[in-house]
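The structure under discussion appears below in the form of structure tokens.
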Amino acid sequence: MDLRHWLGRATDAIQEWADTFGPYETHPSLLVDDGRLADAFEEFTGRLKDNYPFFHPRYAGQMLKPPHPAAVVGYLTAMLINPNNHALDGGPATARMEREAVAQLAAMFGYETHLGHLTTSGTIANLEALFVARELHPGRGIAYSEDAHYTHGRMCHVLGLEGHPVRTDSRGRIDLEALEDLLRTGRVGTVVLTAGTTGLGAVDPIHEALALRESYGVRIHVDAAYGGFFTLLAGADDPAGLPPGPWRAIGSCDSVVVDPHKHGLQPYGCGAVLFRDPEAGRFYLHDSPYTYFTSSELHLGEISLECSRAGASAAALWLTFQLLPPTPDGLGRVLAAGRRAALEWADLIIASELLDLYQQPELDIVTYFPVVEPASLSSIDTASARILAEGMTGPDPVFLSTFRASREAFTARHTELTADATDARILRSVLMKPESEHCTGDIHARVEGIARAFG
Ligand SMILES: *Cc1c(COP(=O)(O)O)cnc(C)c1O
């Protein structure tokens with residue numbers, strides 16, 4: 001799709017609508033000189049070049065990529081009106097789009113009933129889920145795995161709750177025996193399970209943990225901020241297909257968070273929280289003299305901790321979902337390509353004499369390290385850091401990221417290594433762009449080349 005064409009259509013469409021309200025003059029205080037704008041714009045675009053090329057397949061580092069052009073068009077068009085999805089009065093159209101898009105997310109997770117809304121981020125979405133958890137189980141803490149996102153510990157602190165990190169197994173998943181030992185103490189009210197950890201993409205055994213809810217009277221919240229859209233690959237008849245157990249179980253959990261600004265092709269500012277029981281809304285009740293509710297229809301501000309939120313985010317997600325819905329044939333194809341890329345690259349690494357696989361990728365995150373002599377954590381750490389730095393230089397760059405593996409985690413996976421340090425950096429590539437599928441051989445050869453020279 002031609003972005004220039006559609007951005008032109010966007011300004012025309014909004015201008016046409018604006019013209020129906022009659023002419024008015026822009027206040028002189030707001031007028032700017034085109035020449036000065038040209039100069040500032042020149043400097044601005046120059047400064048923006050100080051970025052890594054997140055769009056390019058050779059960028060195989062962190063969880064970063066530009067939004068889909070449909071999301072850009074949806075966002076910028078709605079932004080020209082700048083609705084606020086706090087209340088229906090702030091933007092009836094985008095509030096309805098938000099409810100429709102959220103219903104599509106609920107259907108993707110198999111929620112038969114739901115209450116949910118978009119948030120500014122996964123962190124805020126998780127905060128809302130933990131806030132409701134605290135209201136339902138006052139005085140009881142939150143359990144999450146050691147590999148869960150760091151913000152769970154931080155948000156427990158914000159909410160005045162005790163956070164309980166639980167050890168992980170040798171694939172980075174929450175250890176259910178350790179979890180059950182903790183639950184026996186009665187100190188935990190809610191268990192957070194992660195569907196796709198941020199570091200390794202490990203998927204906690206949600207289907208096996210569900211039984212604990214009844215036995216110990218706990219809530220189960222799923223942090224699928226990163227991995228949520230991989231639900232679309234559950235049970236798929238494709239090399240990229242995923243074991244359906246954990247994904248199908250999400251529909252029975254009490255709440256779930258997913259970040260459309262990670263795998264939903266959206267720009268930043270788009271997380272989502274969903275509660276299976278719409279009754280969760282009662283904890284958000286508030287009254288304020290300045291937010292005016294002109295209808296008795298549900299206002300999103302009544303079920304959200306945040307006040308102002310960009311209606312443009314909902315518009316972007318809604319427009320994207322019209323074209324690439326959260327279904328196996330829609331967005332599922334995008335995720336499948338990244339996952340196939342991860343599997344292909346993992347195979348190349350396994351066959352390589354210069355690189356070793358840290359663990360088999362569960363989603364689309366590949367973790368690996370250079371083969372070094374002596375085979376110790378400290379020499380792996382040094383070599384990984386050099387490959388990261390060297391990769392970004394020269395005429396033929398490749399952009400990776402590093403991941404710090406603890407001594408325990410590393411030696412649980414690679415018993416032969418000399419554990420001469422408390423941890424070691426390894427290399428990590430998040431293959432979240434479908435184009436990666438066509439470039440694994442190229443990226444692998446490039447990384448091997450650097451490893452050969454600097455390993
Ligand atoms: C990214 C991420 C978060 C935090 O989400 P933000 O949108 O960055 O605030 C939380 N949990 C997991 C598993 C994540 O991957």
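Read the numbers this way: they start at 1 and go in the same order the structure lists the ligands and their atoms.
- Of all the atoms in ligand 1, the ones that sit under 4.0 Å from a non-hydrogen atom of Ser121 are 7 (O), 9 (O).
- Annotation: side chain of Val191 is in contact with side chain of Leu183 (closest heavy-atom distance under 4.5 Å).
- Taking every heavy atom of both residues into account, Gln266 and Pro67 meet most closely at C-CB, 3.7 Å.
- Of the N or O atoms in Thr123, one or more lie within a sub-3.5 Å distance of an N or O in ligand 1.
- Less than 4.0 angstrom separates some heavy atom of Gly122 from each of these atoms of ligand 1: 5 (O), 6 (P), 7 (O), 9 (O).
- For the 3.5 Å distance criterion, the side chains of His117 and Asn85 fail to qualify, holding no donor opposite an acceptor.
- Within a 6.0 Å sphere centred on CZ of Arg333, other residues, nucleotides and ligands contribute 12 heavy atoms or fewer.
- Taking distance alone, with nitrogen or oxygen atoms compared against 3.5 Å, His261 approaches ligand 1 more closely than that limit.
- Geometrically, ligand 1 and Gly196 share no nitrogen or oxygen pair separated by less than 3.5 Å.
- Checked against salt bridge (Lys or Arg N to Asp or Glu O under 4.0 Å), Glu135 has no partners two or more places apart in sequence or in another chain.
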For this session: Go through the steps for Ser352 and Glu448 under the test side-chain hydrogen bond (donor to acceptor under 3.5 Å, both in side chains), then give the verdict.
Result: CA-CA 8 Å; Ser352 167; Glu448 266 201 328; 2.6 Å; yes
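- In this comparison of Asp259, Thr198, Asp223, the heavy atom closest to atom 15 (O) of ligand 1 sits on Thr198.
- In terms of protein heavy atoms, atom 10 (C) of ligand 1 is closest to His149 CG, 3.3 Å.
- Taking the six-membered ring for Trp and thresholds of 30 and 60 degrees, Trp345 and His444 have ring planes more than 60 degrees apart, a perpendicular arrangement.
- The ligand atoms of ligand 1 that sit less than 4.0 angstrom from a heavy atom of Lys262 are 1 (C), 2 (C), 3 (C), 4 (C), 5 (O), 14 (C), 15 (O).
- When heavy-atom distances to ligand 1 are checked against a 4.0 Å cut-off, Val257 has no atom that comes that close, whether in backbone or side chain.
- Distances below 4.0 Å separate heavy atoms of Ala225 from the following atoms of ligand 1: 2 (C), 3 (C), 10 (C), 11 (N), 12 (C), 14 (C).
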